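Computed from a prediction, not measured in an experiment: that's the story for all the values here. Hydrogens, waters and symmetry mates play no part in the numbers below; they use all other heavy atoms, side chains included.
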Amino acid sequence: ATPRIRGVGRIMQAYSCLWRVLSSGGTVGTRFHGLLIETDPRQLVDRQILFMPQWYDYRELQFLRRALMRGDRFVDVGANIGAWTLVASRAIGDEGEVVAIEANPDVAKQLSRTVSANRLNNVSVLSVGVSDHKSTLQLQVNTTGNVGASTFLEHDDKGMRGTSVPIACFPLSEVVAEPISVLKLDVEGYEY
């Protein structure tokens, strides 16, 4: 828990990169906003949460806390390892509902373990993709240390290495019941 002072972020970023090089793999549990979250130090977002949890999406998560009220329904499309899901779960309380949608099956399993470890009964994790029509799309899984950058978009980006995984995709209206109080949509360029 480093202080929020100028320059510390750069030091922690360098330290997290060193950790990635020295890490033998596997996941590490850490505290994030008072809850346990499973992180993989080899992944970019996970390292940010592991080494700088108080800085990760700081302004956005403050906004989320203010926007959500007890009993709301929050939908997290592109939930990744669940940072927004955890914050929303606490903000809405047991009477609310969080639907965390993560297309990458491995990341969805990681998120499910985090939800189980925290006994978050108001969170549902769905391992599906969201699209404008029902179909099976190929998820280009990024294996360059930023699995969160995996995408359904087809491109020939030389920096995107990885595998292609078929994912069942559905319109959001078929996955989540209305009303939705707050929707976060982060699907690496596939939002439109």
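Residue F32 holds its CZ atom at 8.0 Å from CD1 of I81, rounded to the nearest 0.5 Å. To the nearest 0.5 angstrom, D46 atom CG is 9.0 Å from N146 atom CG.
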Can you give each donor-acceptor pair under 3.5 Å made by side-chain atoms of residues 165-175, sequence neighbours left out, with the distance rounded to 0.1 Å?
none

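Under the 30°/60° scheme for interplanar angles, the aromatic rings of F74 and W84 are found to lie parallel.
Distance alone, capped at 3.5 Å, places no donor-acceptor pair between the N80 side chain and the E102 backbone. Of the possible polar contacts, none joining the D72 side chain to the I92 backbone as a donor-acceptor pair under 3.5 Å is found. A donor-acceptor pair is defined here as one N or O able to donate and one able to accept, closer than 3.5 Å; no such pair exists between the side chain of R113 and the backbone of E38. With hydrogens and angles ignored, the 3.5 Å screen pairs a side-chain donor or acceptor of Q43 with a backbone N or O of V147. Remark: side-chain polar atoms of Q140 are not paired, donor with acceptor, to backbone N or O of T151 under 3.5 angstrom.
Between Q138 and S164, the side chains place a donor N or O and an acceptor N or O closer than 3.5 Å (distance only, hydrogens not considered).
Taking each heavy atom of P41 and V28 in turn, the nearest pair found is CG-CG2, 3.8 Å.
More than 12 heavy-atom neighbours from other residues, nucleotides or ligands sit within 6.0 angstrom of CD on E191.
In this structure, L120 is not a member of the same hydrophobic cluster as L36, with clusters built from ILVMFWY side-chain heavy atoms closer than 4.5 Å.
Residues N121 and D94 fail the side-chain proximity criterion, which asks for heavy atoms closer than 4.5 Å.
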